[in-house]
Amino acid sequence: MTKPLITIGITCCSEGDWLKECWDSVLAQTDSRWRAVLVMDGGASPDTIVAYDNLEHPELEKFRLAENKGPYVCRNKAFEQTRTPYHFYLDAKDQLAPQAIEAVLQVFEFEPDVGYVSLNWRSLETNELYKAFREQSLSGLAAGNNYAGPGAYRVDVWKKLGRFCTEPVLALSMSDYDFHLSMVEYDIPRANSGRPFYLYRTDSSARIAASSDATFYKKIEYIYERHAELFKNHIAGFQLLSRGYLRSAEHYAENGDTAEAKRLAKLAKDYAKKFQLGTEWLVRTGKPQPNWLKFLTGKDKVKH
């Protein structure tokens, strides 16, 4: 194996056999200029512990936390153990297509100032393109449609921006989103390889996202305050807040708390830059959108 240029940081806790599949995808890389770090959070499931114990490789370092610290403590730990200029953050439930590392190293080679390289995502369940990253503007990032945590980072950028935030409000999710806003704040370019080489397990991720919808607006409020200067005099900040309030309002409507749904929907309406029929429905009723309204607003097709 040639001298490594990139460290693949894998974090795990309850992935079980998926961890082995993830590791097999690392071994299948067409570019051999990698090493790997595997960090297992405390309180891991028994099948994950078995998979962790069974993985051995000359280019693999393993770390096992005694207590459950959450995903971003694990990700920071993987970065701390990185001795290469680049780090690819990979969730153990997901996989890399064989040319993934080759693709991101090519981008860094031709665009050395880039701080982060994303790969388009393909669904492991359907094998179809799941997410493509194109627009790099602050407005696009505020809309939540042009960033991903998993991807390749310059390690000096991670150090400069102060690591992933591990404050309790962001301990389980959204810290990578916060980090991407910091890259915009410091004018650190982000790029996309243009190829779907990150293989994403959508079913489990959808369940995780749904479980955090009740507190989503609190995460967004915290992120907005952390980046107040970035959003100062910029409509993207209002766009971000509106998105946060609306997502949580939809959660409370689905769970029968009409009062909280109305309250949050009213905040979403106040911050929105344009009239939204679905938001108005929630303000007035506090109830889930009926199918006919979902069809009109496109909610039956897309949820950001």
Side-chain angles (χ1 to χ4, degrees), residues 1-109 112 114-119 122 124 148-159 163-164 176 193 195 197-201:
M1 183 174 284
T2 55
K3 183 179 179 180
L5 286 178
I6 190 167
T7 297
I8 302 172
I10 306 171
T11 53
C12 65
C13 186
S14 58
E15 291 79 7
D17 291 340
W18 289 345
L19 172 56
K20 176 61 164 59
E21 295 175 14
C22 175
W23 178 246
D24 286 344
S25 78
V26 173
L27 295 178
Q29 291 304 298
T30 57
D31 194 317
S32 63
R33 293 173 295 172
W34 59 266
R35 61 183 296 269
V37 173
L38 173 59
V39 180
M40 183 169 67
D41 205 355
S45 62
D47 53 350
T48 303
I49 294 173
V50 170
Y52 172 93
D53 288 341
N54 287 337
L55 294 186
E56 298 291 342
H57 190 276
E59 293 294 336
L60 174 64
E61 283 188 84
K62 299 194 295 185
F63 299 88
R64 185 171 179 171
L65 303 188
E67 299 177 0
N68 186 275
K69 296 292 187 179
Y72 295 105
V73 169
C74 293
R75 286 162 188 158
N76 281 333
K77 177 68 172 178
F79 270 86
E80 288 169 6
Q81 303 306 316
T82 297
R83 301 190 297 271
T84 57
Y86 311 115
H87 180 105
F88 197 110
Y89 133 25
L90 172 63
D91 284 334
K93 66 179 177 57
D94 301 327
Q95 299 173 30
L96 298 177
Q99 291 178 296
I101 295 303
E102 179 182 348
V104 297
L105 288 179
Q106 284 178 351
V107 175
F108 282 128
E109 180 182 356
V114 163
Y116 166 83
V117 180
S118 63
L119 297 167
R122 194 168 74 220
L124 273 168
Y153 295 77
R154 265 186 24 225
V155 176
D156 64 322
V157 168
W158 172 80
K159 292 177 180 178
R163 309 150 63 94
F164 293 112
D176 40 19
S193 75
R195 290 178 279 182
F197 287 145
Y198 191 86
L199 309 182
Y200 186 63
R201 201 171 299 275

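One-based numbering along the sequence shown.
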Task: side chain to side chain contact (heavy atoms under 4.5 Å, CB included) assessment of Gln95 paired with Leu124 - done: CA-CA 8 Å; Gln95 299 173 30; Leu124 273 168; 3.8 Å; yes

Open item on the list: For a side chain to side chain contact (heavy atoms under 4.5 Å, CB included) check, start with the C-alpha distance between Val26 and Leu90, then their side-chain angles and the critical distance, and finish with the verdict.
Closed with: CA-CA 10 Å; Val26 173; Leu90 172 63; 4.0 Å; yes

TODO: Would you give the length of the straight line joining atom CZ of Phe88 to atom OG1 of Thr7, rounded to the nearest 0.5 angstrom?
DONE: 12.5 Å

Task: Distance, nearest 0.5 Å, that separates CG of Leu19 from CG of Asp24 - done: 9.5 Å

TODO: Measure across Asp91 and Cys22 and return the closest heavy-atom pair with its distance rounded to 0.1 Å.
DONE: O-SG, 3.9 Å

Task: Sidechain-backbone polar pair: Asp31 side chain, Arg33 backbone, donor-acceptor under 3.5 Å - done: yes

Open item on the list: Once you measure the plane-to-plane angle for Phe79 and Phe164, does it fall in the parallel (<30°), tilted (30-60°) or perpendicular (>60°) bin?
Closed with: perpendicular

Please set out all donor-acceptor pairs under 3.5 angstrom arising from side-chain atoms of residues 8-15, sequence neighbours excluded.
{"residue": "Glu15", "atom": "OE1", "partner": "Cys13", "partner atom": "N", "Å": "2.6"}

Open item on the list: Which heavy atom of Ile101 sits nearest to which heavy atom of Gln29, and what is that distance?
Closed with: N-OE1, 3.0 Å

Task: Smallest separation among heavy atoms of Asp41 and Gly70, with atom names - done: OD2-N, 2.8 Å

- [ ] Give a yes-or-no answer on whether the side chains of Tyr72 and Asp176 include a donor-acceptor pair shorter than 3.5 Å.
- [x] yes

Open item on the list: Could you report the tightest heavy-atom contact between Ala51 and Gly16, atom names first, then the distance?
Closed with: CB-O, 3.7 Å

Open item on the list: How long is the straight-line distance from CG of Asn68 back to CE of Met40, given to the nearest 0.5 Å?
Closed with: 11.0 Å

- [ ] Could you tell me whether the side chain of Glu21 and the main chain of Asp94 form a donor-acceptor pair under 3.5 Å?
- [x] no

Open item on the list: Show me the pairs that pass salt bridge (charged side-chain N to carboxylate O under 4.0 Å, His left out) and involve residues 45-54, at least two apart or across chains.
Closed with: Asp53-Arg64

Open item on the list: Can you tell me how far apart OH (Tyr89) and SG (Cys74) are? Round to the nearest 0.5 Å.
Closed with: 11.0 Å

Task: Gap separating the NZ atom of Lys62 from the CD atom of Gln81, nearest 0.5 angstrom - done: 14.5 Å

Task: Leu119 CG to Tyr198 OH distance, which is reported to the nearest 0.5 Å - done: 9.5 Å

TODO: List the steps, then state whether side chain to side chain contact (heavy atoms under 4.5 Å, CB included) holds for Leu38 with Phe63.
DONE: CA-CA 6 Å; Leu38 173 59; Phe63 299 88; over 6 Å; no

- [ ] Check Gly149 against Tyr116 and note the closest heavy-atom contact, atom names and distance.
- [x] O-CE1, 4.0 Å

TODO: Without swapping roles, check the side chain of Arg163 against the backbone of Asn76 for a donor-acceptor pair under 3.5 Å.
DONE: no

- [ ] Could you please spell out the steps behind the side chain to side chain contact (heavy atoms under 4.5 Å, CB included) verdict for Trp23 and Leu60?
- [x] CA-CA 10 Å; Trp23 178 246; Leu60 174 64; 4.0 Å; yes

Open item on the list: Please check: side-chain N/O of Thr82 versus main-chain N/O of Thr84, any donor-acceptor pairing under 3.5 Å?
Closed with: no

Task: Flag, side chain of Arg154 to backbone of Val114, donor-acceptor distance under 3.5 Å - done: yes

- [ ] Side-chain contact test, heavy atoms from C-beta onward, threshold under 4.5 Å: evaluate it for Arg83 versus Arg35 and give yes or no.
- [x] yes

Open item on the list: Can you give me the closest heavy-atom contact between Ile6 and His87, atom names plus distance?
Closed with: CG1-N, 3.9 Å

- [ ] Would you please indicate if the ring centroids of Tyr153 and Trp158 are separated by under 6.0 Å?
- [x] no

Open item on the list: Using only atom types and a distance under 3.5 Å, with no angle test, would you say the side chain of Lys77 pairs donor to acceptor with the backbone of Leu65?
Closed with: no

